[in-house]
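Everything below concerns the one structure shown next.
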Amino acid sequence: MEFTAQQIAQFLQGTVEGNPNAAVNTFAKIEEGRPGAISFVANPKYIHFVYETKSSIVLINEDVALEHPVETTLIRVKNAYECVAKLLQMYAAAQPKKTGIDPLAFISPTAKVGQDVYIGAFAYIGDGASVGNGCEIYPHAFIGEHVTIGDNCKIYPNVTIYHGCKLGNQVTLHAGCVIGADGFGFAPTPNGYDKIPQIGIVTIEDNVEIGANTCIDRSTMGSTFVRRGVKLDNLVQIAHNTDIGENTVMSAQVGIAGSTKVGQWCMFGGQVGVAGHITIGNKVNLGAQAGVPSSLKDNQTLIGTPAMNTNGFFRSQVIYQRLPEIYKQLNKLQKEVEELKNKQAE
């Protein structure tokens, strides 16, 4: 399917600079541009590519001032990153959707499967499970007993959803993620550790996307919650009895310990670690590798371990880099003080 610069500009409410009839049928990174492709520039570090790119069309922010003429056709928009996301969503929606049940899939006679679904080879759907309309269950996915899956969900290969867990509508689970494994509950005894049975579930609300090999543990009792609109990256660990607030996002290797409540619209960078049994407020931003040992109030931006505000963190880093020099100065001062004490004693 092909679109002209003028058609794209009308869809994005942008303005064309160059040939309004320039046509594209695919996407490309700005540095790998080719004829017939549309690219975008949102990061100032990549602006120089716009002068040499071979892409037919480039989306660019309306306030960017270019120093040299360009050969490509520009579409100026308020936010190029948001606009390319809209185009990619439109492109994905136009792709043909998989349907049909492979004869090699196993579906329990007591399971319920909605209309217009796709169930791939060797997928397993257990007793009493329910799969909604328009879902796509890819090969080797495991849907345990009495699992409930809403409409228009995508369950990619090798996803495991343990018994009793609940998914809302338009949930995407990427390859290898595990929903509802036992929480890490063990009681120390003189002879070792007694396992505490984890009899709760995991509840995932609507419009959630969970990355590959991410694990969300079932609760000891009740439910672990991932609220509406949450986006989790690959390799994230959500422990038992946690509650992740609406529209919160977490990058790779974030770890949330048990019984912690995370607020709405939070943003956690890679490798953030959050202690258990605490509360994180709404709109809290944590920089990569931040360590959080105690509860945090709303609207904070923190980094470091233990997490501190960004100004304090960067000032501390300046001092930290000077520690060897400061240590030498301190030793020198100690020696001078000792010499003065000895002279006074004489």
Side-chain angles (χ1 to χ4, degrees), residues 92-93 95-184 197-244:
Q95 300 307 303
K97 188 173 181 179
K98 286 181 172 289
T99 57
I101 298 174
D102 193 287
L104 293 176
F106 174 82
I107 302 174
S108 168
T110 61
K112 297 179 181 179
V113 176
Q115 298 178 345
D116 301 320
V117 300
Y118 163 68
I119 301 177
F122 305 108
Y124 177 97
I125 300 178
D127 294 343
S130 175
V131 176
N133 298 327
C135 288
E136 298 176 44
I137 312 293
Y138 283 78
H140 295 280
F142 175 89
I143 313 299
E145 296 177 357
H146 303 291
V147 166
T148 301
I149 298 176
D151 296 336
N152 300 309
C153 294
K154 287 188 178 181
I155 312 298
Y156 280 104
N158 297 308
V159 167
T160 299
I161 307 175
Y162 280 60
H163 57 279
C165 293
K166 298 179 180 179
L167 276 63
N169 301 317
Q170 296 178 314
V171 172
T172 298
L173 303 181
H174 285 280
C177 74
V178 179
I179 308 299
D182 280 0
F184 193 66
Q198 307 290 292
I199 63 172
I201 63 169
V202 171
T203 301
I204 298 174
E205 295 184 349
D206 297 348
N207 299 309
V208 170
E209 185 158 344
I210 296 175
N213 294 320
T214 284
C215 296
I216 302 176
D217 292 345
R218 70 194 312 108
S219 60
T220 308
M221 291 175 281
S223 183
T224 299
F225 287 97
V226 179
R227 302 294 183 178
R228 181 188 303 269
V230 167
K231 314 298 180 189
L232 303 181
D233 199 0
N234 306 331
L235 297 168
V236 171
Q237 162 64 22
I238 305 296
H240 58 182
N241 296 95
T242 56
D243 190 329
I244 309 300

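Computation of the quantities below employed the complete heavy-atom set of this structure, encompassing side-chain atoms and omitting hydrogens, waters and symmetry-equivalent molecules.
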Donor-acceptor under 3.5 Å (Lys97 side chain, Gly134 main chain): yes

Evaluation steps, side-chain contact (heavy atoms from CB on, under 4.5 Å), between Leu232 and Ile210: CA-CA 5 Å; Leu232 303 181; Ile210 296 175; 4.3 Å; yes

Exercise: identify the closest heavy-atom pair between Ile161 and Val159: CG1-CG1, 3.9 Å

Euclidean distance, Leu167 CG relative to Ile143 CD1, rounded to 0.5 Å: 8.0 Å

Heavy-atom donor-acceptor pair, Arg218 side chain to Cys165 backbone, under 3.5 Å: no

Side chain to side chain contact (heavy atoms under 4.5 Å, CB included) partner of Ile119, the single match among Asp102, Val131, Ile107: Ile107

Distance, nearest 0.5 Å, that separates CD1 of Ile179 from CD1 of Ile216: 4.0 Å

Heavy-atom pair of closest approach, residues Val202 and Ser223: C-OG, 3.7 Å

Separation between NZ of Lys166 and OG of Ser130, rounded to the nearest 0.5 Å: 11.5 Å

Flag if over 12 foreign heavy atoms under 6.0 Å of CD, Gln95: yes

Selection residues 146-159 - residue pairs positive for side-chain hydrogen bond (donor to acceptor under 3.5 Å, both in side chains), sequence neighbours left out: none

Side chain to side chain donor-acceptor pair (under 3.5 Å), paired with Gln198, selected from Asn241, Thr220, Asp182: Thr220

Qualifying residue for side chain to side chain donor-acceptor pair (under 3.5 Å) with Gln237, from Asp217, Thr242, Thr214: Asp217

Ionic contact status for Arg227 with Glu205, cut-off 4.0 Å: yes

Heavy-atom pair with the smallest gap, counting every atom of Ala111 and Gly126: CB-O, 3.6 Å

Interatomic spacing from CD1 in Ile125 to CD1 in Ile101 - rounded to 0.5 Å: 7.5 Å

Heavy-atom pair with the smallest gap, counting every atom of Tyr162 and Val147: O-CG2, 3.1 Å

Distance (rounded to the nearest 0.5 Å) between Asn234 CG and Asn213 CG: 7.0 Å

Geometric class of the Tyr118/Tyr138 ring pair [parallel <30°, tilted 30-60°, perpendicular >60°]: perpendicular

Sidechain-backbone polar pair: Lys231 side chain, Asn207 backbone, donor-acceptor under 3.5 Å: yes

Enclosure of Phe106 CZ (heavy-atom neighbours >12, cutoff 6.0 Å): yes

Closest contact, heavy atoms only, Cys153 versus Gly150: SG-O, 3.7 Å

Contact summary for Ala105 and Gly120, nearest pair of heavy atoms: CB-O, 3.3 Å

Short side-chain to backbone donor-acceptor contact, Asp206 and Arg228, under 3.5 Å: no

Donor on one side chain, acceptor on other, Thr99 and Asp116, under 3.5 Å: no

